[in-house]
Amino acid sequence: MKKFLKKSVAFMACGIILASVLTGCKASSKTVVMGTNAAFPPFEYYDGDKITGFDVEIAQQVAKELGVELKIEDIAFQGLITSLESQKVDFVAAGMSINEDRKKSVDFSDSYYEASQVIIVPKDNEAIKGEEDLKGKNIGVQIGTTGADVAHGIENAKVVEFNTGFAAIMDMQNGKIDAVVLDSEPAKNFAKANDKIKVLDKSLTTEQYAIAVKKGNEKVLKAVNKALKELKDSGEYDKLFEKYFK
Ligand code: GLN
C-alpha cells in the first residue's frame, strides 16, 4: 500500500511538472499579454467577467498581427510600466498618454487617440467653473496619471489620490472632495451613468494616447503600429470609434 502511494505521488508530481512545462511553453509562444487597468470606460472595462473596450479591440488586432492569442492582465494603473519592465506583460494599452517622463522608461507606438483632462463636479456646484476655481480646493485624481500631474500643478490645491477615477467620483459625491480631474471620455462615460455629477466644458490639457512596450521591444512595437495602420486603412478604426464614442 505504502509503495503504491509513493508511486502514485511520484506519478502525479511528474504529471504536474509536465503540465507546467507544456503550459509554460504555450504562454510564451502562443499568446501576447496586454497590461491594462480595466476601470477606464470606454477604453477598458468589465462586461460581466470579461474585459472589453476600445483598447481591447485594438489589442486584438495586435495579437492577430503576431499570429497569437490575446491575454489580458488587469493591474493598477500605477503598476503598468513596472510590469512592462519585468516582462509580466508585453504591451500596455490603457488609455495611456504619451509624456516625456514615461518616454524615459518605455517606447510608445504611434498615437491612436487624442484625449484631454477635464473637471468633474457635483451637478449642483455652481462655484467651480474652470481651472482657476480649483485653487485651494480638494481635488480627487487617479494615482499615477497625467490627471494627477495636472492637479498637483494647481496652486494650493490638496490632491487626493485614488486607485480609480470612479473611486474619486464616489468620494466627491460623499462630499469629501470638491472636484475630480479625469480623462475626457471616461469622465463623460461616468457622467452618463450618474445624474449627480457633471463634466465642465473647458478642458485642461490635450494628450495623445499610445500603446507602450518595454524599451527596445521592436517586435511588439512594429506589430502594434502595423495593427493601428491596418485598422485605419480598413475603416475598422472608424467603426470602433463610432461604437465606443458616439
Ligand atoms: N491618460 C491618463 C494617463 O495616461 C490616464 C490613463 C488611465 O487612467 N487609464 O495617465
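Atoms within a ligand are numbered from 1 in the order they appear, just like the ligands themselves. Everything numeric in this text was worked out from a predicted model, so none of it was measured.
Asp183 counts as a contact of ligand 1, since one of its heavy atoms falls under 4.0 Å from the ligand. For Phe43, the closest heavy-atom approach to ligand 1 does not fall below 4.0 Å.
Salt-bridge check for Lys64 with Glu230: failed, with every basic side-chain N at 4.0 Å or more from each acidic carboxylate O. Between Lys129 and Asp133, none of the side-chain N atoms (NZ, or NE/NH1/NH2) sits under 4.0 Å from a carboxylate O, so this pair counts as no salt bridge. A salt bridge links Glu185 with Lys188: at least one charged nitrogen is closer than 4.0 Å to a carboxylate oxygen. One finds a salt bridge joining Glu73 and Lys71 here, because a Lys/Arg side-chain nitrogen approaches an Asp/Glu carboxylate oxygen to under 4.0 Å.
Near Phe40, the atoms of ligand 1 lying under 4.0 angstrom from a non-hydrogen atom of the residue are 5 (C), 6 (C), 7 (C), 8 (O), 9 (N). Using a 4.0 Å cut-off to heavy atoms of Thr145, the atoms of ligand 1 that qualify are 5 (C), 8 (O), 10 (O). Counting the atoms of ligand 1 from 1 in the order shown, those under 4.0 Å from a heavy atom of Tyr209 are 1 (N).
Of the protein's heavy atoms, Gly95 O, 3.2 Å lies nearest to atom 6 (C) of ligand 1. Looking from atom 9 (N) of ligand 1 to the surrounding protein, the closest heavy atom is Ala94 O, 2.9 Å. The protein heavy-atom contact nearest to atom 3 (C) of ligand 1 is Thr146 OG1, 3.3 Å.
Around atom 10 (O) of ligand 1, the closest heavy atom drawn from Met96, Gln142, Arg102 belongs to Arg102.
Relative orientation of the Phe190 and Phe166 rings is tilted, given thresholds of 30° and 60° on the angle between their planes. Using cut-offs of 30° and 60° for the angle between ring planes, the Phe43 and Tyr113 rings count as perpendicular.
Side chain of Glu207 to main chain of Ser116: no donor-acceptor pair is present (N/O by atom type, distance under 3.5 Å, no hydrogens or angles).
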